[in-house]
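Could you have a look at this structure, given as structure tokens, before my questions?
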Amino acid sequence: MAQYQSEFLNILNGRGFIHQCSDFEALDKKLAAGSVTAYIGFDATATSLHIGNLLGIMMLRWFQKCGHKPVTLMGGGTSKVGDPSGKDESRNLLTAADIQKNIDGIKTVFDRFLDYKNGKNAALMVNNDDWLSDLKYIEFLRDYGRHFSVNRMLTMESVKLRLEREQSLSFLEFNYMILQGYDFLELNRKYGCTLQMGGSDQWGNIINGVELVRRADAKEVFALTCPLLLDSEGRKMGKTAAGEAVWLNADKMAPYDYYQYWRNAADADVGKLLRLFTELPLQEIEKLEKLKGAEINEAKKILAFEATKLCHCETTAKMAEDTARKTFEEGRAGGALPTVTVTRADLEKGIPVFVLLKDAGLVASGGEARRLIKGGGAKLNDEKITQEDRAVTAADLLADGTIKISAGKKKHAIVRAA
């Protein structure tokens, strides 16, 4: 394992965050010499970020812990264009109102991971719409467009893949990398940012910014990327078994479901995920990842608790942990399970169980619920459901006034009567 002068690069290297760097030696020297300012950009394409974004957020968190100043850049301007990286087709264009709504949602994530208030290295949040929307097109092309080689832009992975597949790449999207490069120049001038970090799929865009700062202002700045989040078999991570994104906001994904995502990690991925998404000491992680058989479940519980504590809070993590224990180890229903509320009148009449499975979010559709029941994977109060049209009534209420419904062994919900 490489050894660096700077604490930050040593931590990132030891925990598996490093993929590429424009100049390891020069960056290491600069980080070791004193406080550095770095940023990561987050486009506002949804009301929440997901665990793919969490890699970057954790990099910023460690960066701040090492005495440096992190900047979170909201892509209010670039979200109007759309990043072609990793996409087979153009994104739907968002309205200004949509973008603002998304920014309002994702802003709430950062306060949980970064300190924006205290100390010289307090984090800073900025929005690139503040400068991109005021650019004058002709002047912008004259001053900065000349620094970008179309020949080189055509070799960028995000562009090359679309062209090789003969999929449309609009001129609007083609401009995205120029705008992102200009962000680096603007942030360097305004806030002294000398490092941009991001995922490996952003390497081309980040390098464009490094080159633009060098050409326009004759300054040295740096690029540092982390690997994409892949499992031990090389598959992209970040979705649940049902194909849903693992969101960081509680209104998009219940904390209990977030906890369960980590709890259900593959055995071979536990060590990697502990390094990336918790702050446990490496020595402790090395012990945990050596556990075998049923004992590895203890490591998964620790991973789930620590990851949920960071993203939500310790109290919420304890509730999720308690619910999981009651549900899976004691056969009882915990308070953090997803809940669907029905009226007492509807319950007296009877509600088809496949409707409740869908309304509780355990399946995506009534058809999927019927197939689940037919395959023997649905349960009512821990008893297998054998009839697709089984009606749930007040007679199914348990002593605590609830009804437990399950899809498979790991997805559960509570029905309450109002």
Side-chain angles (χ1 to χ4, degrees), residues 4-13 17-43 55-57 59-64 66-75 77-78 83 85 114 120-128 130-132 135 140 143-149 152-153 155-158 175-226:
Y4 298 97
Q5 299 178 51
S6 61
E7 181 187 16
F8 177 63
L9 286 183
N10 275 320
I11 288 173
L12 258 58
N13 190 49
F17 282 98
I18 295 179
H19 183 68
Q20 291 167 292
C21 180
S22 56
D23 189 334
F24 273 117
E25 187 176 347
L27 176 59
D28 187 31
K29 186 176 179 181
K30 190 170 187 66
L31 288 165
S35 181
V36 170
T37 301
Y39 83 98
I40 296 179
F42 300 88
D43 274 346
L55 278 169
I57 296 172
M59 289 174 80
L60 289 175
R61 182 176 172 88
W62 284 115
F63 190 71
Q64 187 173 43
C66 292
H68 304 293
K69 187 177 184 69
V71 176
T72 45
L73 175 66
M74 299 292 98
T78 42
D83 182 3
S85 300
L114 302 171
K120 292 180 180 179
N121 68 327
L124 184 67
M125 184 176 290
V126 295
N127 187 335
N128 64 13
D130 292 344
W131 53 82
L132 293 181
L135 290 175
F140 179 72
D143 293 341
Y144 305 109
R146 61 192 175 91
H147 294 304
F148 290 84
S149 164
R152 187 179 182 195
M153 291 165 76
T155 68
M156 298 299 177
E157 200 68 18
S158 58
N175 272 268
Y176 182 93
M177 62 184 75
I178 299 178
L179 296 178
Q180 185 170 330
Y182 182 73
D183 282 344
F184 204 166
L185 180 65
E186 189 75 17
L187 289 169
N188 178 263
R189 288 173 173 175
K190 283 189 173 183
Y191 306 108
C193 278
T194 53
L195 171 63
Q196 183 183 357
M197 300 187 290
S200 59
D201 59 336
Q202 292 295 312
W203 177 251
N205 289 338
I206 299 174
I207 285 295
N208 274 327
V210 170
E211 286 295 307
L212 179 60
V213 176
R214 182 181 64 81
R215 291 171 182 268
D217 287 0
K219 291 181 180 178
E220 184 181 38
V221 293
F222 304 95
L224 179 66
T225 63
C226 61

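Reckoned from all heavy atoms, side chains included, excluding hydrogens, waters and symmetry mates.
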Kindly give the heavy-atom pair with the smallest separation between Ile18 and Leu9, and that separation in Å. CD1-O, 3.8 Å
Could you tell me if the side chain of Arg61 sits less than 4.5 Å from the side chain of Leu114, heavy atoms only? yes
Pairs where residues 21-35 contributes a residue and the test side chain to side chain donor-acceptor pair (under 3.5 Å) is met, not counting sequence neighbours: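 Only Ser6-Asp28 qualify under side chain to side chain donor-acceptor pair (under 3.5 Å).
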Report the residues that fulfil side chain to side chain contact (heavy atoms under 4.5 Å, CB included) with Val210, sequence neighbours left out, ordered by chain and then residue number.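 Result, side chain to side chain contact (heavy atoms under 4.5 Å, CB included) vs Val210: Phe184, Val221, Ala223.
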Measure the CG-CG distance between Leu31 and Leu195 for me, rounded to the nearest 0.5 Å.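 The CG atom of Leu31 sits 7.0 Å away from the CG atom of Leu195.
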Of the non-hydrogen atoms in Tyr39 and Gln180, which two are nearest, and what is the gap between them?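 Looks like OH-O, 4.0 Å.
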With Trp131 via side chain to side chain donor-acceptor pair (under 3.5 Å) - residues at least two apart: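 Trp131: side chain to side chain donor-acceptor pair (under 3.5 Å) contacts with Asp183.
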Supply the atom-to-atom distance Thr225 OG1 to His19 NE2, rounded to the nearest 0.5 angstrom. 5.0 Å
With sequence neighbours excluded, tell me which residues meet side chain to side chain contact (heavy atoms under 4.5 Å, CB included) with Asn121.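 Only Gln64, Lys69 meet the side chain to side chain contact (heavy atoms under 4.5 Å, CB included) criterion with Asn121.
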Of all residues at least two apart in sequence or in a different chain, which pass the ring-ring contact (aromatic ring centres under 6.0 Å, His included) check with Phe8?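 Phe63.
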Taking ring-ring contact (aromatic ring centres under 6.0 Å, His included) as the test, write out the residues that go with Tyr191, two or more places apart.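 Counting only residues at least two positions away or on another chain, Tyr191 forms no ring-ring contact (aromatic ring centres under 6.0 Å, His included).
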Say you draw a straight line from NZ of Lys190 to CG of Leu124; how long is it, rounded to the nearest 0.5 Å?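 One finds 10.5 Å between NZ of Lys190 and CG of Leu124.
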To the nearest 0.5 Å, what is the distance between CZ on Phe222 and CE on Met197? 13.5 Å
Please name the pair of heavy atoms, one in Cys226 and one in Leu55, separated by the smallest distance, quoted to 0.1 Å. SG-CB, 4.0 Å
Please report the shortest heavy-atom distance between Cys66 and Ile11, naming the atom on each side. SG-CD1, 3.7 Å
At their closest point, which heavy atom of Thr78 faces which heavy atom of Leu179, and how far apart are they? CG2-CB, 4.1 Å
Please identify each residue that fulfils side chain to side chain donor-acceptor pair (under 3.5 Å) with Asp217, with sequence neighbours left out. Arg189
Separation between SG (Cys193) and CG (Leu73), nearest 0.5 Å, reads 8.5 Å
Are Leu12 and Met59 side-chain neighbours, meaning at least one heavy-atom pair lies under 4.5 Å? yes
For the atom pair CD (Gln20) and OG (Ser200), what is the distance rounded to the nearest 0.5 Å? 6.5 Å
Can you list the residues that meet the side chain to side chain contact (heavy atoms under 4.5 Å, CB included) rule with Cys21, with sequence neighbours excluded?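 So Cys21 forms a side chain to side chain contact (heavy atoms under 4.5 Å, CB included) with Phe24, Leu27, Leu224.
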Distance-minimising heavy-atom pair for Leu60 and Pro70: CD2-CB, 3.8 Å
Sequence neighbours left out, what passes side chain to side chain donor-acceptor pair (under 3.5 Å) with Thr72? Give chain and number order.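 Testing Thr72 for side chain to side chain donor-acceptor pair (under 3.5 Å), a comparison that skips the adjacent residues, returns Tyr116.
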Which residues pass the side chain to side chain donor-acceptor pair (under 3.5 Å) test with Lys219, not counting sequence neighbours?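 In terms of side chain to side chain donor-acceptor pair (under 3.5 Å), with neighbours along the sequence ignored, Lys219 is linked to Asn188.
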